[in-house]
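Both backbone and side-chain heavy atoms feed into the values below; hydrogens, waters and symmetry mates do not. Quick note on labels: first sequence line is chain A, next is B, and so on, each numbered from 1.
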Amino acid sequence: MQVSDEVAIDIRNMNKWYGNFHVLRDIDLTVHRGERIVIAGPSGSGKSTLIRCINRLEEHQSGHIVVDGIELTNDIKNIDKVRSEVGMVFQHFNLFPHLTVLENCTLAPIWVRKVPRKQAEATAMKFLEKVKIPEQAGKYPGQLSGGQQQRVAIARSLCMQPKIMLFDEPTSALDPEMIKEVLDTMIELAEEGMTMLCVTHEMGFAQAVANRVIFMDQGQIVEQNEPREFFNNPKSERTKLFLSQILGH
Amino acid sequence: MQVSDEVAIDIRNMNKWYGNFHVLRDIDLTVHRGERIVIAGPSGSGKSTLIRCINRLEEHQSGHIVVDGIELTNDIKNIDKVRSEVGMVFQHFNLFPHLTVLENCTLAPIWVRKVPRKQAEATAMKFLEKVKIPEQAGKYPGQLSGGQQQRVAIARSLCMQPKIMLFDEPTSALDPEMIKEVLDTMIELAEEGMTMLCVTHEMGFAQAVANRVIFMDQGQIVEQNEPREFFNNPKSERTKLFLSQILGH
Amino acid sequence: MTDLSVPATTPFRPSMLIYDRRYRSMTFQVIVFILVMALAWWLVNNTIRNLAALGKDFNFGFLWQRAGYDIPQTPIPYTSNDTHLRAAAVGLLNTLIVSILGCIAATVVGIIAGVARLSKNWLIARLMTVYVEAFRNVPLLLWILIVFAIFTEVMPPPNAFRGENPTASMILFDNVALTNRYTAIPTLGMTNDPGSLDLGARITISWATLAFAVVLVAGWIARRMIGAWAQQIQDRTGSRPTTWWMSLGVMTVPSLLLIWYFGLHLIPPTLKGFNFTGGLNVQNGLVALWLALTLYTGAFIAEIVRAGILAVSRGQSEAAFALGLRPGRTMNLVILPQALRVIIPPLISQYLNLTKNSSLAIAVGYMDIKGTLGGTTLNQTGRELEAIVLMMGVYLVLSLSISAGMNLFNARVKLKER
Amino acid sequence: DTLADVKARGELNCGVNTGLVGFAAPDANGNWTGFDVDICKAVAAAVLGDPAKVKYVPTTGQTRFTALSSGEVDLLARNSTWTFSRDTDLKLDFIGVNYYDGQGFMVRKDLGVTSAKELDGATVCIQTGTTTELNLADYFKANNMTYQPVNIDSNAEGEQQYMAGACDAYTTDASGLAATRAAFADPENHIILPEIISKEPLGPAVRHGDNNWGDIVRWTLYALVAAEEYGITSKNIEELAKSSQNPEVQRLLGVTDDLGAMIGLDKDWAKRAILASGNYGEIFAANIGEQTPIGLARGLNAQWTQGGLMYAMPFR
Amino acid sequence: MSETHAQTVPFVRDTMLPPADPPVREAGAVRWLRENLFSGPLNTILTLLGGLIVWFLVSHFWDWFAHSVWNANSLAECRQIIAETWGEGARGACWAVIRERWNQYVYGFYPVELYWRPTMTFGLLFVALAPVLFSESVWIRRVVLVITTVLTLWLMVALGAPAAWLVFAAVVLVGAILISERHPAWLLVFSILYPLLGVWLLWGGSAWGPIMVLVGPVLGWIAWRLLGRVSSLIATIVALIVPLVWWIVFAGDAARDAESLVSLAIPAVDSDRFGGFLLSITIGVAGIAMSLPLGIVLALARRSDMFLVKTLAVIFIEFIRGVPLIALLFVASLLLNYFLPPGTTFDIILRVIIMVTLFSAAYMAEVIRGGLAALPRGQYEAADALGLDYWKAQRLIVLPQALKISIPGIVSTFIGMFKDTTLVTFVGLYDPLKSMSDAVRASTSWKGIYWEPYIFVGFIFFLICFCMSRYSMYLERRLHRDHR
Ligand SMILES: Nc1ncnc2c1ncn2[C@@H]1O[C@H](COP(=O)(O)OP(=O)(O)OP(=O)(O)O)[C@@H](O)[C@H]1O
Ligand SMILES: Nc1ncnc2c1ncn2[C@@H]1O[C@H](COP(=O)(O)OP(=O)(O)OP(=O)(O)O)[C@@H](O)[C@H]1O
Ligand SMILES: [Mg+2]
Ligand SMILES: [Mg+2]
């Protein structure tokens, strides 16, 4: 688990509004290559919005976001470049139900990266093996269990060979038995040194793999620290309250 | 917890097919009045099918099922008689959402047993008190939590004053906090001497109340024994494997 | 498999007819069957007795008698000397013409309106809402009458095009005249006419038409082949060659050559006597009916399209964006294939409705099958039983073939699920 | 047996046009008036003793004959042309002619057309399902001319099309043309061409096979015609019944013989029929005559004594 | 703001930032315009295009609407007034025709002095619908019933209803309001009685007819209760046969005898006096009321596992859905008499209602089938496990839920059917749209008037259908919320 000095994501002074509602306030965040960051916080605190800003699924209104050296502006080319460097896994998987698992995985490489189909399929199979479901390649997403679907979603992102992966509560829509298989996949990824930002409430996962835990509230970063310190010795009152709720449960 | 000698359910040589798929193979099972039987087994082993045969939600194709002295044949009168002796609680509660809790409980007594409404309501309140939710009588099922709904479902069955109760994974659709309240209700029932057949994976429950645990696999009864023996000293390989899976998890 | 028999303990008793589940459903069905048969017998018997009382018979012979009336718009040659059968055929073709044209136009209108209703542009979205609500909540008959009235009241009569200072003028380079009777459009002439193929029953097809059909089909196949070839290249190398100019070429060049070979040109309509001649006069009845059906059905289709697009969750496009797909690609590869599954079944039933609603042609004097077979023929021959039975049969066959097509499609695109 | 049915019902079901001014149309209150309607009233008066006991069933060109043959109406008084096939194949019985008509054309004056022979290539508005449709086809064929039909389904629609100039000529029975033209804001700008291209004897019809009922309707119509011939009007009828010495009048009004008994009615049937809305002449004058907006001359429909075709068979 | 470096300093925020306002260009009307109308070149073009369309429509029709004449006795007079007021050659709408003939558009040829009867019938319709359609919220029911009561009574007074009837209507309406506050389900009794009451009020005649019709089911119920103890099967059969026998054999005579003893007759109005919206609404409401039960039966039959029953239902539904309504109307007017015993004739309105009923029943069946399919299997199983038999399960568990789910579909079927009632013009009935307008135009004073009647009738149809569709959308949203 090496963290380099190279900066992968650099967010400065970033603000975002929904209409008149100030969702993200003066966000400053630097992520280094190979870092694994877990973002936690109460519901509505802007966690999802933050990571969706990073691949421009949401537009920020002031400040700067630089991903892998590319600043996110309204320039479509930059956005495209950033998006093909950044993979994203959603809470509800968002697999394409009309395509087989394999097609889900090869769609973007073929149409965005212009990879020959054969090669795209080979890569896809490699990643499907990594998430341990190569035998499901020919099935449709609707035929898989939730855990399997989420693993396909991860494989689909990996097929674009992104430098950074974003996860937005990847396990919260899953049945308890299936959470483990997805978390295992993510831990494996982390061990390979992938730069990851993960919104999650799985504190076990945070303790196991994160370099840093960021706690957000009311659109602001309230506290950040390495996991051990964060859990054992939270500084701010809000963090304490939050931790008592989710851990005491 | 007294078990009488009287036979409540007698299944002999029963077979069932779905199309060409042989789900239940040569089932032989005798249940005495007052016995509490837990049925366990891997998914797809035919547990649900077996207990659904007992009140003829499924039709068996050969062999005999005698419930409370009445043989289940295609004779509608017999089926009706058996059904009003046997209560059933489903995994997904299956309450009637358009009726209040009280109406859910009085519906069958009024329309099947022809009990006067007043009396049916009194009985219903009695059972609602037993499952500890008399105050919810006027609400609609949609307004209750899962655990409360399942307890209503139990009360609804009890209102028909059945001699035998069947439970099909009554707690598996519930959040962990709610499982306990339902299990408590069931334990209480068991203590009153109700004949019960319960498909469940709650091994704590099995150990606490069952007279007998039946283990099924591939449509057959593989092993049956009293709970202590069953858990501590399983005989067959399959049972051992299964127990290691569900207990180790 | 082994023995599937019932336990032998229950010999048959008559009471099982009612109390045994297996026999009861049979008993019930037998009773229903007897009742239905009795009803059918009663109806048929009544009909026979009524026919006898009126001294009539059930006989389709009238179809071969001389029709004696004229039809304004005849896709196949027809005069008043032809039989009622041929008149019915003309009517059927007219029904098909307005239905097919209507389905095509309604789809276009519906898709545009449905997409526009979802537009972020406030004005456009509101306008489309007004359009959709106005057409959905007012009887179709009214729209047909109003559109027809607009044509008769607003358009100039042919003689307004006449004289030194005509009050009306033709449009599209003097090729098309909009009048209050018809829209006069040019016909196609050939300097090098190859003659025509006789299909019998005075129905002919020009060889030129056939040639064009062949060339167009061949062009289409060639386009598909180019597409497949491009796909192959893409699969091999990853980048797709630009093929639009090749596709355009195979689609158009042969046709252009044919046009040049046959010397195809437009013969514009000219005003002669009371009316325009030389061109093709498309009756306003047809145009009004077509337009009203289009706008009316279009409003319903707009709702279907809107619902279909909304049914594809936002997450799908976000996932595609997150993978780096451009909006256009996302639409083609992700949104449309999913939306279509939702859209097509109700869309087809709108086609069905449109076809059936075309029977309102009677209100604007457009002679469809209802106007010929179920109208004038019925009236002149007094064969209401035969004519209506025949007409309903025709509609039924039309509808059933449309819904058979729908079922086939549905079975093919159904999403696979657990 | 229609007569018994009507008497039992206490009401005469009479099929009429859905709306043709002068012949049959409901007014703003739903009261029916017109030339055909008065026939219904006369029959109702003769049979039931009360001209108001009529239920008017509006019929379209499509539904009229079926309404009669199915028994929905007892009598069809809906300006229908008496033709061979209708009388035989359609199983109707026309019981007489109440209006001798013929098909004509109306055109705008500024079209400059003076004869139907000049209509080659014209657009002609025509009501579907009528004999006029067939006549039109035959006429143009016979004269080796072409035309473009515009099929419309009601008279009101046809007028609208014609007025808007959607057709050069409007063709229907001459009486209808006159009625239509009369109602225009500018009748002087429209002319009815001199050619009458067909014979259109319009008359009431009854179901085939019930001869007694046919007789009743037929002789009610004749009674109206005869009344005009003998000068019996609704005003002087009471007086004539007492004073007239004409034996035919006496027979007609039931003063002497009891003709009514022969058709299953009472003595006064004809008197009541005439009283309902007057004799044929009065009915004509009140609904479509020259004093009305429709303004039809008697022409062929004058009494035979006046050079017309109205000729009641003798009451004897 | 601290430099947030993972390896080095942990970061803790001491003071929370307050929410700030968005940058100016993100707020106010400017933003609204920018976002909604001019957010890009394409959108700007579209906006201009839309503006053009609006301008075109307004500029072409505005003067026509602006120059409306409400008081005139004929079209000629109208035109004269327009020419005088707005100058020669001005165009204008002549709404005077509506003013003069509105009663015909609404009531057809119904006797003027009896206009209050259809009005009252229509008002009571809302009472009958209240427990079915407005069961969702007390508030809506209250508003609907109060408005109905006020409007109905006011209109009845205005139309000169007799005092006794006013009292009757007031009692029913006010009673309905009171009952619906406490026991809305009791109003269902009125809903069941309403069809008979409605028929009697509209067509008039002796009240004994409907009463004797009602006696049939009552006798059936008594028989069922009496025999229920012996055998439920026999009881059911007898309970079905008794009313039939009663209706066919005895009801007619009984009604006549009762009428001669105690007369309960109000003036009869013949079917041929029905027209305009009265006709449309009568056919529409009768059609829907009868097609609903038929549709339910068909839907159940189509889902049955009995092959023959299912096949028959499929054939019927597909047949009806495969032919245009207008063809069925022609069957009603031309062929129905062939299919009945020689000599039977009955009212054309009744025949049309039968056909319309069959037509919408087929559509209704499909709608309800959807509702049935949406019901989870567990509901059926729970009913079975409780020992309810098929019919009880359907009646108590399945249908109440399935029908509720289907309400939006049922309403839109009704809208479609209501619009289709205009087609009766082709069989010679006076629908408000074509026949009535033709009849108005047939009079010399209004010959040539074209747009105004159409616009008026279209507007009324729009109003009714739009309100219904909005209401059903509201219900649909509510249902969605409740099912969560
Ligand atoms: N499209 C939108 N328009 C307006 N407000 C929005 C929109 N999306 C989110 N919000 C609001 O922004 C705030 C932050 O939302 P966000 O989804 O980022 O929260 P979160 O921390 O991810 O919460 P959760 O744990 O529930 O996912 C919330 O108050 C939410 O209501
Ligand atoms: N209606 C049906 N048609 C065909 N096969 C069925 C049907 N219902 C169940 N099966 C099959 O029968 C087998 C036994 O099913 P059953 O539901 O009894 O298993 P189970 O032991 O209850 O499993 P679980 O623990 O998952 O509930 C399974 O393989 C299942 O796929
Ligand atoms: Mg979130
Ligand atoms: Mg199970």
Is the terminal nitrogen or CZ of C:Lys370 (NZ for Lys, CZ for Arg) located under 6.0 angstrom from the six-membered ring centre of E:Phe330 and within 45° of that ring's axis? yes

C:Glu384 side chain to E:Leu334 backbone, donor-acceptor under 3.5 Å: no

Got E:Val54 and C:Leu127 here, is their nearest side-chain heavy-atom distance under 4.5 Å? yes

Please report the C-alpha distance between C:Leu360 and E:Phe426 in whole Å, then the side-chain angles of each, then the deciding distance to 0.1 Å, and finally whether the side-chain contact (heavy atoms from CB on, under 4.5 Å) criterion is met. CA-CA 10 Å; C:Leu360 292 183; E:Phe426 296 114; 3.9 Å; yes

Please identify, among E:Val309, E:Thr47, E:Leu49, the residue contributing the most non-hydrogen atom pairs under 4.5 Å to chain C. E:Thr47

Which atoms of C:Thr355 come close to chain E, meaning under 4.5 Å heavy atom to heavy atom: side chain ones, backbone ones, both, or neither? neither

Taking side chain as C-beta onward, heavy atoms only, is C:Leu51 less than 4.5 Å from E:Tyr338? yes

Please tabulate, for side-chain N and O atoms in residues 310-318 of chain E, each donor-acceptor pair with protein atoms closer than 3.5 Å (sequence neighbours left out).
from, atom 1, to, atom 2, distance (Å)
E:Thr311, OG1, E:Phe307, O, 2.5
E:Glu318, OE2, E:Arg302, NH1, 3.4

Is there side-chain contact between E:Phe339 and C:Leu385, with heavy atoms separated by less than 4.5 Å? yes

Is there a side-chain contact between C:Lys356 and E:Val323 (heavy atoms, below 4.5 Å)? no

Please classify the contact of C:Leu398 with chain E as side chain, backbone, both or neither, using a heavy-atom distance under 4.5 Å. neither

Contacts of residues 132-144 of chain C with chain E (heavy atom under 4.5 Å): C:Glu133, C:Ala134, C:Arg136, C:Asn137, C:Val138, C:Pro139, C:Leu141, C:Leu142

Select, from E:Ile415, E:Leu328, E:Leu423, the one with the greatest count of heavy-atom pairs under 4.5 Å involving chain C. E:Leu423

Looking only at E:Phe418, E:Phe319, E:Phe459, the option with the highest number of non-hydrogen pairs under 4.5 Å against chain C is E:Phe319

